Amino acid sequence: MTTTQVPVAEGLFTWPPDESTPLRLIGSECTACGLVSFPAASDCVRCASTESKERLLADRGTLWTYTTQDFRPPSPPYDGPEAFEPYAVGYIELPGELLVEARLTQPDPDKLRIGQDMRLTLVPYTVRDDGTEVMTFAFAPAEEETP
Amino acid sequence: MTEAVIIGVGLHPFGRFPGKPALDMGADAVRLALADAGVNWPQIQGGYIGSYEVANPDAIVARLGLTGVPLRGVFNGCATAGTSVALAARAIETGEHDLAIAIGLDKHPRGAFAADPSVAGIPSWYGQTGLFLTTHFFGMKINRYMHDHGISHETLARVAAKNFGNAARNEKAWRRTPLSVAEILASPVLNHPLRQYMYCGPDEGAAALVLCRADQAHKYTGKPVRIRSTALRSRRLGAFEVQSPSFPVGEVVASPTVDASREAYERAGIGPEDVDVAQLQDTDAGSEVIHMAENGLCKDGEQERLIAEGATEIGGRLPVNTDGGLLGNGEPIGASGLRQIHEIVLQLRGTAGDRQIPGTPHVGYTHLYGAPGVSAVTILST
């Protein structure tokens, strides 16, 4: 039996990712001033224009900063598993676009380094009672990739 | 335009007070401030009151006297007290009132602040997936700052040790047990590189200030403290701020602390070199380090040496958070900034007891910062 997976929210990243639609974050670009936003925003916080178009963001970037979450966040709003596993979060600079905050696949701060190359991926951050995996975006150190 | 001065301060201790409502703590703080000023509640012509947990803090009039006084509720997160004191001062400066009051009170449940992200205009997935924690921002900002400016883990621990040590000298503080640098560095990591004993916690407490026209201060006190300037600024596009799913690439824009600080110095005609004592927002030990530079009190990276030399201790060149700061007192949001001003007033009067800084301080500085990227600065002098 295959595991059912669902995205945590619609319109956040391409879903389901496959060969014709590779995984990307769905941002927006202001049609008036060009400011790139994530998540996609209809209103521009730079020029106050209300016109924007969809923009798929780069799936590679560099780690600008990071921290760890070593205690279970308050629920609600957190709906991750009761059995808590520490995780890391960081901001990844997508060149020419923006810095995006995301969970990181590597939870050990000693194995993370400011400036290191990162790539976009998906993680099942929680599993519902019926076994459905809820997917969210995350960034992984690029050197973890198998050649 | 006339100047506003502080003639009375009152502080309910910060900590945990089971069974005591926030309004009662607020009323106690007001009565202390009134007694300190030598005035009665019916003489108060107007005021501003801030709270996070109490939806209508102006209900405090039922505890103090139903005089019909205009008491306006205000809120700007952790910078709430910056707004209450600024508006009370403005009411004096414009001639609306001769005697005004600023009040703050709160009673928070235990643990990190939790709320639905939609309240802050942020999508639900941000909270569901475990990103909606202000503590992440503090960990990430100091991690980057340490990388860029050579700040060590020991420096963070020294800041926390200093503030708990100052709190031990303050009978109204919450965390009064001194902790050593080694004990702080041995406490569990909560958000790398920040550890348990490097964070402040939400708690309970209240504070109040009585303000009057400078030209009438002699009727009440021989030692009025002048409000030289107040400033509040929100974040600009490009600043790295709390609760941001993303922010633009390019040169990082200055934090609202820098903007509020510059405006406050300019309005006061006072420079950072004139500051004798400062109370800076120390949500965590890293925040105090960063805020020293963002408020113009040192250059980026100088904190490593200054803190090792003890410059920010009570006997140092620039004492910071002499009453224990947020680390030692906790943070009842509505009252926190008025606690800072209470401490500056005691220091400038020379009545801070065991924690009195040496010499004759003339200029005091207070700074607040919090979600969603807002900062308030107040500059005071003799």
Side-chain angles (χ1 to χ4, degrees), chain A residues 7-12 25 27 35-39 41 44-46 57 61 64-80 84 86-103 108-110 112-115 123 125-126 134-138, chain B residues 109-148 187-196 199 235-238 240-250 252-253 284 286:
Chain A
V8 63
E10 297 291 333
L12 199 55
L25 296 177
L35 183 74
V36 181
S37 299
F38 176 81
C44 179
V45 291
R46 182 159 69 193
L57 303 181
W64 189 75
T65 189
Y66 59 91
T67 189
T68 53
Q69 181 61 32
D70 289 83
F71 61 96
R72 193 175 185 280
S75 295
Y78 181 61
D79 65 4
F84 179 69
Y87 55 87
V89 301
Y91 278 88
I92 294 86
E93 181 165 3
L94 307 179
E97 292 183 321
L98 45 70
L99 289 100
V100 61
E101 185 179 4
R103 288 174 71 128
D108 182 353
D110 294 335
L112 293 166
R113 182 173 49 76
I114 288 173
V123 292
Y125 82 94
T126 195
V134 185
M135 308 299 288
T136 192
F137 65 97
Chain B
R110 287 166 200 281
F113 289 110
D116 189 312
S118 66
V119 175
I122 294 169
S124 296
W125 61 262
Y126 191 70
Q128 289 172 263
T129 60
L131 296 180
F132 188 59
L133 285 101
T134 54
T135 60
H136 287 170
F137 168 74
F138 299 117
M140 286 193 277
K141 185 163 179 179
I142 191 61
N143 194 23
R144 177 79 199 189
Y145 195 87
M146 291 164 84
H147 171 268
D148 287 352
S187 67
V189 173
L190 297 186
N191 306 103
H192 173 87
L194 297 172
R195 295 171 180 274
Q196 181 180 354
Y199 271 116
R235 62 181 179 166
R236 287 184 286 135
L237 182 66
F240 174 46
E241 292 300 320
V242 66
Q243 297 171 354
S244 300
S246 73
F247 71 102
V249 286
V252 175
V253 167
D284 60 280

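As the structure is a computational prediction, the values presented were derived from the model and not from experiment. Each chain gets a letter, A, B and so on, in the order its sequence line appears, and its residues count up from 1.
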With sequence neighbours excluded, residues passing side-chain hydrogen bond (donor to acceptor under 3.5 Å, both in side chains) with B/Arg235: B/Ser244
Atom pair CZ (A/Phe71) and CG (B/Leu133), whose distance is rounded to the nearest 0.5 Å: 5.5 Å
Residue, of B/Gly130, B/Pro117, B/Pro248, B/Ser124, that accumulates the most heavy atom pairs under 4.5 Å with chain A: B/Gly130
Contact origin within B/Phe137 toward chain A - heavy atom pairs under 4.5 Å: neither
Most chain B-contacting option - heavy-atom pairs closer than 4.5 Å, from A/Pro39, A/Gly80, A/Gly115: A/Pro39
Best-contacting candidate, B/Gly139, B/Gly238, B/Pro193, against chain A by heavy atom pairs under 4.5 angstrom: B/Gly139
Segment of A/Ala88 engaging chain B (4.5 angstrom heavy-atom cut-off): neither
Residue part contacting chain A, namely of B/Pro123, when any heavy atom lies under 4.5 Å: side chain
Atom pair CD/CE of A/Glu101 and B/Met140 - distance to nearest 0.5 Å: 4.0 Å
Minimum heavy-atom distance between B/Phe132 and A/Pro77, given as atom pair plus value: CD2-CG, 4.3 Å
Option in B/Arg236, B/His136, B/Lys141 with maximal non-hydrogen atom pairs under 4.5 Å from chain A: B/His136
Region of A/Gln69 in contact with chain B, defined by heavy-atom distances below 4.5 Å: both
Shortest non-hydrogen separation from B/Val249 to A/Leu94 and the atoms involved: CG1-O, 3.7 Å
Interface moiety of B/Tyr126 toward chain A, non-hydrogen atoms closer than 4.5 Å: side chain
For B/Ser246 against A/Leu98, the heavy-atom pair lying closest together: OG-CD2, 3.9 Å
Euclidean distance, B/Gln128 CD relative to A/Asp79 CG, rounded to 0.5 Å: 4.5 Å
Working for side chain to side chain contact (heavy atoms under 4.5 Å, CB included), residues B/Asn143 and A/Thr65: CA-CA 7 Å; B/Asn143 194 23; A/Thr65 189; 3.8 Å; yes
Closest heavy-atom pair and its distance - A/Val89, B/Leu131: CG1-CD2, 3.6 Å
Chain B contact via A/Phe38 - side chain, backbone, both or neither, heavy atoms under 4.5 Å: both
Minimum heavy-atom distance between A/Trp64 and B/Arg144, given as atom pair plus value: O-NH1, 2.9 Å
Under 4.5 Å from any heavy atom of chain A - which part of B/Leu190: both
Trace of the side chain to side chain contact (heavy atoms under 4.5 Å, CB included) decision for B/Leu237 with A/Leu35: CA-CA 11 Å; B/Leu237 182 66; A/Leu35 183 74; 4.3 Å; yes
Parallel, tilted or perpendicular: rings of A/Tyr66 and B/His192 (30°, 60°): parallel
From A/Ile114 atom CD1 to B/Met146 atom CE, the distance as rounded to the nearest 0.5 Å: 9.5 Å
Test of ring centre spacing under 6.0 Å for B/Trp125 and A/Phe137: yes
